[in-house]
Amino acid sequence: MQIFRTLCVGFLGLAAANLLAMPSVQAAGKTLEIVQKRGHLKCGVSQGLPGFSTPDNRGKWTGIDVDFCKAIAAAIFNDPSKVKFTPLSAKERFTAIQSGEVDIIARNTTWSMHRDTALGVDFPVINYYDGQGFMVRADLGVTSARELDGATLCTNQGTTTELNAADYFRSNGMQYEIVAFEKADESVAAYNSGRCDAYTTDHSALYAQKLKLSQPKAHIVLPEIISKEPLGPLVRQGDSSWNDLVRWTHYATVAAEEFGVTSKNLAKMKLSSNPSIRRLMGLDGSFGANLGLSKQWAVNIIRSVGNYGEIFERNVGVQTPLGIERGVNALWTKGGLHYAPPIR
Amino acid sequence: MSAKTWIPTPARPAPANTVGFVGWARENLFATKLDSALTLVCAALIIYLLDVVFGWAIVDASFSGEDRNACLKQVQGACWPFIDAKLGQFIYGRYPEMERWRVDWVFALGLIGLVPLLMPKVGFKRANVIFMLGFYPLFAFFMLTGGRFGLAPVDTSDWGGLLVTLVVAVTGIVGSLPLGILLALGRRSELPIVRALCVGFIEIFRGVPLITVLFMASVMLPLFLPDGVNFDKLMRCLIGVALFASAYMAEVVRGGLQAIPKGQYEAAAALGLGYWKTTRLIILPQALKLVIPGIVNTFIGLFKDTTLVLIVGLFDLLGIVQLHFTDSTWATPETHITGYAFAAFVFWVFCFAMSRYSIFMEKHLSTDPNQ
């Protein structure tokens with residue numbers, strides 16, 4: 001027994017020492033160097049989320065989050081294919097980034113204070129503004145979530161979704177009844193069979209689940225968004241320059257959209273006399289060098305994945321099966337929230 | 001006077017209603033009123049279910065198409081084009097398409113080696129075993145991982161689908177049986193330290209769920225390892241699954257060992273056999289034969305448990321089917337039902353085959369003349 005106890009204490013001590021020692025090991029701040037030396041980026045993605053990271057018929061990953069990693073690879077290597085995607089479960093994602101198994105996670109992770117401050121990770125930027133919404137049958141005649149008084153809601157068990165809905169209904173003085181299910185597929189099936197009046201989950205997921213209904217066109221997504229789910233990539237805490245690189249990769253795509261630079265008109269835009277565009281294209285100044293990249297970094301990004309608008313439209317936009325409107329994900333100039341600080 | 005021989009009249013045929021199908025049915029299906037009622041209810045149920053399944057899988061199903069539009073009919077049935085389009089993914093995962101022939105070779109050679117091994121009548125068992133346990137694992141390892149002999153390296157994170165299911169299951173099965181036998185022998189050993197170690201190992205692994213073992217291997221282990229040391233995720237799972245299964249196997253084998261009468265040990269000792277010879281020649285052949293159902297049961301359980309590797313981000317057959325549900329070009333109300341039906345069918349085929357083979361082996365090895 002004594003031996004056993006000693007062993008246990010020893011093991012725990014070792015584990016604790018390892019855990020404590022970790023930040024100092026990881027804080028070396030050389031991610032870019034490591035990635036360049038390795039020759040490819042290691043990117044953690046979801047285990048399948050429509051429009052964000054999902055494999056096509058040939059197993060190639062596609063989606064907004066996937067394009068984000070491709071953009072970083074393009075910025076570093078001028079080759080968007082130099083990414084290795086690792087699908088991570090929700091539970092193992094934080095360990096994967098801490099242990100260095102991946103360099104960046106683009107896994108539609110909500111940026112929350114707890115995650116940012118307590119888990120040893122940093123959220124450099126928000127690349128998709130999501131939030132909880134409602135879907136109802138069109139023939140119900142409801143056009144706003146405020147009219148859902150007395151409704152029965154289908155949702156997933158034990159998620160913040162359930163709590164958000166409760167908060168929303170209570171603060172608006174409305175009656176409601178929640179029918180919660182273990183899995184999203186079950187909730188959708190229940191809603192499809194008429195078990196509830198409305199289905200609630202994150203907005204982007206509503207559009208994805210809508211496709212699984214027997215008559216998708218007979219259902220509408222209500223405009224209200226009742227919670228904030230800012231989604232963004234995350235990196236290990238303590239490497240500011242890597243943080244900068246990730247942040248400015250996103251801003252380059254947003255700035256490109258703002259200036260009308262697309263993957264198709266790059267050649268023409270190179271002749272532009274607009275100083276903002278010239279700086280973005282690396283024709284003036286040395287903005288790439290400050291990130292440890294080439295002058296062409298933004299051009300490489302845009303050539304490979306396009307500007308933010310192109311990325312959005314290609315993966316989740318109205319032309320795709322998901323058919324999500326830009327809404328809050330439009331540029332600030334068009335009433336949305338995407339705003340890139342000036343490149344100068 | 002001629003002797004009259006008594007010639008019995010030839011036996012009359014049995015009454016028409018006791019022979020043939022009618023007779024069988026009268027005896028087995030309609031013997032009493034209750035039996036008749038049960039038969040009719042069951043028949044109605046079977047016909048109803050067959051109708052539902054047939055209608056869903058054949059009549060209302062879609063068979064061709066390039067995307068979800070093919071499966072959006074008014075009356076909805078199975079969405080087979082989804083399976084057709086994704087079949088390559090379901091079998092190989094993200095294994096590069098140019099390199100899939102390597103997986104095919106491993107599958108084919110495995111089959112060629114396994115089938116004669118499983119048939120008792122085919123000879124050359126020794127050569128066959130050496131081939132399957134010596135050459136084949138090396139062959140499969142180099143073929144699948146590549147990086148040598150001019151083969152392009154393929155990272156295990158690109159493996160998926162049936163390939164991963166089979167790799168995990170086969171490694172688990174092949175690894176757990178010998179390890180389980182050793183643990184079972186160790187648990188009955190008279191050497192206290194050996195016994196304590198074996199009991200400890202078995203009880204620890206049986207005391208935690210497989211999910212915990214996999215989770216430890218994939219999430220906790222990297223935190224304890226020094227920075228930069230990172231060994232393959234699939235490898236971690238293989239070891240975890242094999243150790244886990246061997247603990248269960250040990251208990252199954254121990255059941256067999258305990259069923260061997262003491263006289264067998266004494267007889268072996270009387271012949272002057274030592275421990276290892278007694279075990280190898282007298283005890284194990286009898287003990288293992290006794291527990292074939294238990295062993296195969298563990299194998300089948302293990303085969304199905306492979307789906308748990310999804311929790312650590314590996315995509316086995318079920319995992320990759322689920323992954324492809326998220327492809328919005330194929331999202332329809334029927335997609336996931338079809339996908340689950342397909343995965344269930346594949347798992348059933350493998351498990352059913354194992355179960356039938358176990359019954360065959362039991363009969364073949366049986367020394368009981370009444371069977």
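Given the structure is predicted, the values throughout are model-derived calculations rather than measurements. Below, each value reflects all heavy atoms present in this structure, side chains not excepted, and no hydrogens, waters or symmetry copies.
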(message) To the nearest 0.5 Å, what is the distance between CE on A/Met135 and SG on A/Cys154?
(response) 10.0 Å
(request) Any chance you could measure B/Leu318, atom CG, to B/Leu308, atom CG, to the nearest 0.5 Å? (result) 10.0 Å
(request) Could you tell me which of B/Ile320, B/Thr335, B/Leu310 has the largest number of non-hydrogen atom pairs under 4.5 Å with chain A? (result) B/Leu310
(message) Check whether A/Phe312 forms a cation-pi arrangement with A/Arg326 (NZ or CZ under 6.0 Å from the six-membered ring centre, at most 45° off the ring normal).
(response) yes
(message) Please identify, among A/Pro55, A/Gly48, A/Gly59, the residue contributing the most non-hydrogen atom pairs under 4.5 Å to chain B.
(response) A/Pro55
(message) Out of the candidates B/Phe315, B/Tyr95, B/Tyr92, only one should pair with B/Trp159 under the side chain to side chain contact (heavy atoms under 4.5 Å, CB included) rule; please name it.
(response) B/Tyr95
(request) Under the salt bridge (charged side-chain N to carboxylate O under 4.0 Å, His left out) rule, collect the residues that match up with B/Arg206, sequence neighbours excluded. (result) B/Glu203, B/Glu251
(request) May I ask you to establish whether A/Arg137 and A/Tyr191 are in a cation-pi arrangement, using a distance under 6.0 Å from NZ or CZ to the six-membered ring centre and at most 45° from the ring axis? (result) yes
(request) Identify which part of A/Lys84 has an atom lying under 4.5 Å from any heavy atom of chain B, answering side chain, backbone, both or neither. (result) side chain
(request) Measure distances from B/Ser328 to the heavy atoms of chain A and classify the residue's part below 4.5 Å as side chain, backbone, both or neither. (result) both
(message) Under 4.5 Å from any heavy atom of chain A, what part of B/Leu87 do you find: side chain, backbone, both or neither?
(response) neither
(request) Identify which part of B/Asp67 has an atom lying under 4.5 Å from any heavy atom of chain A, answering side chain, backbone, both or neither. (result) neither
(message) Using heavy-atom distances under 4.5 Å, tell me whether B/Phe215 contacts chain A through its side chain, its backbone, both, or neither.
(response) side chain
(request) Side chain from CB out, backbone as N, CA, C, O: work out which of these in B/Glu334 comes under 4.5 Å of a heavy atom of chain A, or both, or neither. (result) neither
